[in-house]
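Input: one structure, supplied below.
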2 protein chains.
Amino acid sequence: MALSARPVPHPGDLPHCATGNPRYGRGMQSRTPAPRTAGRPRSAAADTAILAATRDALVELGWSKLTLGDVATRAGVAKTTLYRRWAGKNELVVDAVAELFDELQLPDRGTLADDIEGVVLQFAAILARPEARNGLMAVVAESCRDDALRERIRSSIVDRQKRLVLEGRERAQARGELPPEADPEEAARTVDLIFDMVAGAVVHRTLVSAEPADEAWVHGFTRVLLTGLAGTPPG
Amino acid sequence: MALSARPVPHPGDLPHCATGNPRYGRGMQSRTPAPRTAGRPRSAAADTAILAATRDALVELGWSKLTLGDVATRAGVAKTTLYRRWAGKNELVVDAVAELFDELQLPDRGTLADDIEGVVLQFAAILARPEARNGLMAVVAESCRDDALRERIRSSIVDRQKRLVLEGRERAQARGELPPEADPEEAARTVDLIFDMVAGAVVHRTLVSAEPADEAWVHGFTRVLLTGLAGTPPG
DNA sequence: CCATTACGCTACGACTCGTAGCGAAAGCTG
DNA sequence: CAGCTTTCGCTACGAGTCGTAGCGTAATGG
């Protein structure tokens, strides 16, 4: 018969993620691919089912009314399985939401303005999905009191997308639309500033003002971002 | 002896706010000052104590771990008193946070750039307070699934501060820094756009990037907002 | 004086949380 | 194949919170 369960290594362990599975796995994703151990491997299907069920629950219930027991039922797994893989609600939702943002791309449309409009529209399309809105805002709110969670959000979501700003600037500089950067430190600050302005404006428009970031809005936003307030006479 | 308590008029009533007290009172604040009724009046001191206790609890506990029972204990009132005045956690926190933003002003500093920098710094200072961060983000997150709550946030917080953008533009136009607006509809859209860009950038910088919106950052932000990306050669 | 309303307090059922324990299933390894 | 290891589903549990009901008391106004 099975032996008694050994003490659960739950709080703060580095697990053996066979698949691209979560639980402190996203943060340090440049690890050795598989610290294999013997025994029954974790079901990869359970991971995807749980994350999908989390997004569904976010749509129907929102953050505060989402319970882990309900997610487990939706995913067809036991509640204990869920707790074996994630430390709590915050971590689960971060992983469930992070997957949504990995589809962002920066297709080359020929000009800086068109590149910006394109990626901002993609970002707006993701934020238009209720699971993205509910989940992202909730974990950001929670991260105010939880440094580990904020770092997890930053590495899983924010920093991953900052590549888009870098890529767009390089293209614009190659085209001659933007001057080359002399001071690399200043350049890094500018990248952060632009990212905050773009992401912040779209988030605020979508969530606080609660109006769609459609093509017309994105066009106006891009014009202000590129030429400034005074440079946009309505004529 | 006291009669049996009549059915609580809790969900969806228009109460009689003697003081500037909450409970659906902020949304329609242009009401007759006091629809007086007989009986013992509600304690105004209890209102202020509850709202202050809510902010304290937000600082110490954050949103998710904040319980109404705890707030009641901090405020020195009974839990039932709290439920008699607010419908739930969301409404309470909205009122507690809204008070923080009423102190925003737009002092005339002589130029549009300095006006913007001044008000953005004020906004950043408010968002630097943990009770503002925790509470605001949490209710915004919840408002994704609650239209009434979003409307309450908009009327209590957002629209009240949009006056700052209007005021700043009027001054800039009077100074000749901005051209007069021909199309009033286009002008309204521009106000909304600017508000989303300013508030969104500060919020994203403070909460997501988790770095302070200090004077250097605000200066760079203002420069981009006024002159655009291409108009800021680092030299 | 008396009707009316707010207040503090206690208690309650319902729900969620996170964990423990068990037996069974699913892999790897010799 | 047998044997070991780890995961899985299930049940149960104490702790905590929720929102409400009920009661007696305090504070106003007519």
Side-chain angles (χ1 to χ4, degrees), chain A residues 1-13 15-19 21 23 34-47 49-50 53 57 61-93, chain B residues 1-11 13 15-19 21-23 34-47 49-50 57 61-92:
Chain A
M1 68 295 288
L3 302 179
S4 68
R6 77 239 100 34
V8 181
H10 202 188
D13 53 339
H16 35 276
C17 330
T19 75
N21 88 355
R23 184 167 177 183
R36 318 283 299 165
T37 47
R40 176 177 176 176
R42 286 187 172 174
S43 164
D47 269 354
I50 290 172
L61 305 174
W63 161 266
S64 64
K65 295 180 181 174
L66 178 147
T67 69
L68 297 194
D70 184 48
V71 171
T73 303
R74 290 169 187 261
V77 302
K79 191 175 67 166
T80 43
T81 297
L82 221 157
Y83 276 102
R84 286 187 191 106
R85 304 193 183 194
W86 283 275
K89 196 169 163 177
N90 293 332
E91 290 76 8
L92 173 63
V93 173
Chain B
M1 66 298 290
L3 304 179
S4 68
R6 78 237 105 30
V8 182
H10 204 187
D13 53 339
H16 36 275
C17 330
T19 75
N21 88 354
R23 184 166 176 186
R36 315 284 299 165
T37 46
R40 176 177 175 177
R42 286 186 170 174
S43 164
D47 269 354
I50 290 173
L61 305 173
W63 161 266
S64 64
K65 294 180 181 173
L66 179 148
T67 69
L68 297 194
D70 183 48
V71 170
T73 303
R74 289 169 188 262
V77 303
K79 191 175 66 167
T80 43
T81 297
L82 221 156
Y83 277 102
R84 287 188 189 104
R85 303 193 184 195
W86 283 274
K89 197 169 164 179
N90 292 333
E91 291 77 6
L92 173 63

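In what follows, chains are A, B, ... by sequence order, proteins preceding strands, each numbered from 1. Atoms considered below: every heavy atom in the structure, side chains included; atoms not considered: hydrogens, waters and symmetry mates.
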Mind checking the NZ-OG1 spacing from A/Lys79 to A/Thr73? Nearest 0.5 Å is all I need.
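These two atoms lie 9.5 Å from each other.
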Determine: side-chain N/O of B/Arg40 to OP1/OP2 of C/dT4, distance under 4.0 Å, yes or no.
no
Can you list the residues that meet the side-chain hydrogen bond (donor to acceptor under 3.5 Å, both in side chains) rule with B/Arg74, with sequence neighbours excluded?
B/Glu60, B/Asp70
Provide the closest heavy-atom pair for A/Gly88 versus A/Leu68 in the form atom of the first, atom of the second, distance.
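Minimum heavy-atom contact is C-CD1, 4.4 Å.
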Starting at atom NZ of A/Lys65, determine the distance to atom C1' of D/dG19, rounded to an integer number of angstrom.
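After rounding, the gap between these two atoms is 13 Å.
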Please give, in whole Å, the distance from D/dG29 P to B/Arg42 CZ?
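It is 16 Å, rounded to the nearest whole Å.
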With sequence neighbours left out, write down each residue that passes side-chain contact (heavy atoms from CB on, under 4.5 Å) with B/Ala46, or none if nothing qualifies.
B/Ser43, B/Val77, B/Arg85
I need the minimum non-hydrogen distance between B/Trp86 and B/Ile50, along with the two atoms involved.
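Smallest heavy-atom distance, with atoms named: CZ3-CG2, 3.7 Å.
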Axis deviation across the helix from C/dC1-D/dG30 to C/dG30-D/dC1, five-pair ends, to the nearest 10°
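About 20° separates the two local helix axes.
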Grab the N/O contacts between the protein and nucleotides 10-17 of chain D below 3.5 Å, and write none if there aren't any.
from   : atom 1 : to      : atom 2 : distance (Å)
D/dC10 : N4     : A/Thr80 : OG1    : 2.7

Run the side-chain contact (heavy atoms from CB on, under 4.5 Å) test on B/Asn90 and B/Trp63 for me, step by step, so that the C-alpha distance in whole Å, both residues' side-chain angles and the decisive distance to 0.1 Å come before the verdict.
CA-CA 10 Å; B/Asn90 292 333; B/Trp63 161 266; 3.0 Å; yes
Just the rounded figure in Å: distance from P of D/dG19 to NZ of B/Lys89.
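The answer, rounded to whole Å, is 9 Å.
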Take atom OH of A/Tyr83 and atom P of D/dT7, then tell me their distance rounded to the nearest Å.
18 Å
Pick the nucleotide of DNA chain C nearest each of B/Ala46 and B/Gly39; which residue has the one closer to the 5' end?
B/Gly39
Partners meeting side-chain contact (heavy atoms from CB on, under 4.5 Å) with A/Thr80 (sequence neighbours left out)
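A/Thr80 satisfies side-chain contact (heavy atoms from CB on, under 4.5 Å) with A/Ala78, A/Arg84 once adjacent residues are dropped.
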Euclidean distance, atom CZ of residue B/Arg85 to atom C1' of C/dA6 [Å, nearest integer]:
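Interatomic distance, CZ of B/Arg85 to C1' of C/dA6: 8 Å.
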A/Asp47 CG to D/dT7 P, straight-line distance once rounded to whole Å:
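Distance, rounded to whole Å: 12 Å.
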In whole Å, what is the span from the CH2 atom of B/Trp86 to the C1' atom of D/dG19?
17 Å
Full working for side-chain contact (heavy atoms from CB on, under 4.5 Å) between A/Asp47 and A/Arg42
CA-CA 9 Å; A/Asp47 269 354; A/Arg42 286 187 172 174; over 6 Å; no
